[in-house]
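Heads up, the thing below is written out as structure tokens.
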Amino acid sequence: MDLHLQDKSVIVLASSKGLGKAISTEFAKEGAKVLISSRSEEELEKAKAEIQEVSGNKYVEYQVCDVTKIDDLVQLVQKAIELHGTVDVLINNAGGPKAGGFDDFSDEDWQNAFELNLLSFTRAIREVLPSMRAKQSGRIVNIASSSIKQTLDNLILSNTFRSGIVGLSKSLSQELAEDNILINTVGPGRIATDRVASLDEKRAAQLGLSPVELREKTEQSIPLGRYGEPEEFAKAVVFLASGANTYMTGQALVVDGGLVKAL
């Protein structure tokens with residue numbers, strides 16, 4: 001299948017490692033011109049070199065960007081336009097908020113999670129829309145969590161703001177359809193990333209288990225019997241963000257090996 005991504009201008013937020021890096025790698029393999037970003041220039045330099053080596057695509061650049069800072073997001077989009085003349089694809093992504101229950105968090109914690117996991121997406125979308133509207137075409141994919149379908153224990157901040165992403169995407173899918181801009185939300189289940197490993201370690205300590213024991217127990221609850229690989233998640237995202245997707249918009253999907261039971 002031709003994904004129609006050759007030479008397309010792609011921005012991927014929070015992409016020096018984890019899911020963001022995996023997504024960027026898959027775009028590069030498809031011949032896209034990819035602009036990766038994160039707060040660490042050192043990590044970005046390393047990620048750029050690794051993505052170029054794996055994909056054989058030299059059109060991978062980076063920009064330091066803290067997604068909670070509007071000026072950084074503005075500069076990120078400006079760089080993509082300077083490099084490639086336009087923005088065809090935006091992948092909204094951000095690190096997960098703190099784990100914990102309702103009594104664990106202050107107003108500051110709630111505000112920080114809002115700025116990281118919802119407001120940053122809104123701002124990035126606002127910045128790319130002029131370019132996409134000008135050519136009457138665009139794809140936006142918001143990376144969330146499987147909590148968009150079924151809440152997760154001890155992750156109240158994630159449960160709250162990831163649901164907000166779904167509402168944002170659904171509303172925008174209707175507003176942007178006339179401009180042929182498609183927007184979807186994708187939530188990862190138990191994908192083998194550093195973030196999931198960290199959450200597993202904390203949960204294992206609470207339950208008196210080793211991280212290996214917790215992972216084995218969790219895998220038993222996944223119909224496919226294993227954690228997903230970042231590349232598996234990335235392929236689903238890249239399809240939704242590609243020219244091969246011409247009729248899916250406003251959807252909230254999970255890539256989780258069948259873990260989530262909710263409809």
Side-chain angles (χ1 to χ4, degrees), residues 1-16 18-38 44 47-48 51-52 55 57-63 65 67 73-94 120-144 165 168-169 172-173 175-177 179-186 188 230-231 233-253 255:
M1 179 186 296
D2 183 359
L3 297 182
H4 305 286
L5 285 168
Q6 185 70 40
D7 294 329
K8 295 297 184 181
S9 173
V10 178
I11 296 174
V12 186
L13 298 180
S15 47
S16 63
L19 295 179
K21 181 182 175 185
I23 292 167
S24 300
T25 301
E26 293 303 316
F27 274 118
K29 288 179 180 178
E30 294 294 329
K33 297 177 178 179
V34 187
L35 181 59
I36 62 175
S37 65
S38 81
L44 285 168
K48 173 184 173 179
I51 293 169
Q52 287 179 327
S55 67
N57 185 343
K58 66 179 181 179
Y59 294 109
V60 180
E61 298 294 342
Y62 72 78
Q63 172 80 10
C65 177
V67 299
L73 289 170
V74 170
Q75 291 170 13
L76 176 66
V77 175
Q78 287 177 342
K79 179 165 184 176
I81 293 173
E82 290 170 3
L83 288 170
H84 309 134
T86 188
V87 178
D88 296 297
V89 176
L90 169 67
I91 306 298
N92 266 324
N93 186 37
S120 65
F121 286 31
T122 303
R123 286 169 163 170
I125 292 169
R126 183 186 297 130
E127 293 305 313
V128 302
L129 282 184
S131 180
M132 292 183 177
R133 281 176 167 147
K135 58 184 174 21
Q136 290 288 285
S137 178
R139 300 290 184 272
I140 301 169
V141 179
N142 295 321
I143 308 303
I165 292 170
L168 172 68
S169 298
L172 282 176
S173 70
E175 293 185 24
L176 300 177
D179 296 308
N180 193 34
I181 299 170
L182 280 58
I183 178 168
N184 292 284
T185 301
V186 185
E231 294 80 7
F233 179 82
K235 289 178 186 298
V237 172
V238 170
F239 167 74
L240 287 172
S242 76
N245 171 29
T246 57
Y247 206 61
M248 291 180 66
T249 190
Q251 301 306 303
L253 311 172
V255 179

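For the residue pair Phe239 and Leu3, the shortest heavy atom distance occurs at CD1-CD2, 4.2 Å. Between Val186 and Pro188, the shortest heavy-atom distance links the atoms O-CD, 3.9 Å. The two atoms that bring Lys48 and Ile36 nearest to each other are N-CD1, 3.9 Å, heavy atoms only. When all heavy atoms of Ser9 and Thr86 are compared, the pair lying nearest together is OG-O, 2.7 Å. The two residues Ala124 and Asn92 come nearest to each other via the heavy atoms CB-OD1, 3.3 Å. Between Asn245 and Arg139 the shortest heavy-atom distance is O-NH2, 2.9 Å.
For Asp179 (side chain) and Arg133 (main-chain N/O), no donor-acceptor pair under 3.5 Å exists by modelled atom type. Using modelled atom types, no side-chain atom of Glu61 and backbone atom of Leu35 make a donor-acceptor pair closer than 3.5 Å. Of the possible donor and acceptor atoms, one in the side chain of Asn184 sits under 3.5 Å from a partner among the backbone N and O of Gly250. A donor-acceptor contact shorter than 3.5 Å is absent between the side chain of Thr25 and the backbone of Ile51.
For Ser38, the side chain to side chain donor-acceptor pair (under 3.5 Å) partners two or more places apart in sequence, or in a different chain, are Ser16. Shown here are the side chain to side chain donor-acceptor pair (under 3.5 Å) partners of Thr249, two or more places apart in sequence or in another chain: there are none. Glu82 meets the side chain to side chain donor-acceptor pair (under 3.5 Å) test with no other residue; sequence neighbours excluded.
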side-chain contact (heavy atoms from CB on, under 4.5 Å) between Val87 and Met132, worked out: CA-CA 7 Å; Val87 178; Met132 292 183 177; 4.3 Å; yes
Residue pair Ile143, Val141: steps toward the side-chain contact (heavy atoms from CB on, under 4.5 Å) verdict: CA-CA 6 Å; Ile143 308 303; Val141 179; 4.0 Å; yes
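Around the NZ atom of Lys21, the shell of radius 6.0 Å holds more than 12 heavy atoms that belong to other residues, nucleotides or ligands. Heavy atoms from other residues, nucleotides or ligands lying under 6.0 Å from OH of Tyr59 number 12 at most.
Residues Ile125 and Asn142 have side chains in contact (heavy-atom distance under 4.5 Å, counting atoms from C-beta outward). Using a 4.5 Å heavy-atom cutoff, the side chains of Leu176 and Leu129 are in contact. You'll find the side chain of Ile23 reaches within 4.5 Å of the side chain of Phe233, heavy atoms only. Here the side chains of Glu26 and Val237 are not in contact, with every heavy-atom distance at 4.5 Å or above.
Just one residue in the list Ile91, Val12, Leu5, Ile11 forms a side chain to side chain contact (heavy atoms under 4.5 Å, CB included) with Val34, and that residue is Val12.
The distance from atom CD1 of Ile165 to atom CZ of Phe121, rounded to the nearest 0.5 Å, is 4.0 Å. Rounded to the nearest 0.5 Å, atoms OG (Ser137) and CD1 (Ile181) are 8.0 Å apart. In this structure, CE in Met248 is found 13.5 Å from CD1 in Ile183, a value given to the nearest 0.5 Å. Rounded to the nearest 0.5 Å, atoms CG (Leu73) and SG (Cys65) are 4.5 Å apart. A distance of 9.5 Å separates OG in Ser24 from CG in Leu13, rounded to the nearest 0.5 Å.
Using a cut-off of 4.0 Å between Lys/Arg side-chain N and Asp/Glu carboxylate O, Asp88 and Lys33 are scored as not salt-bridged.
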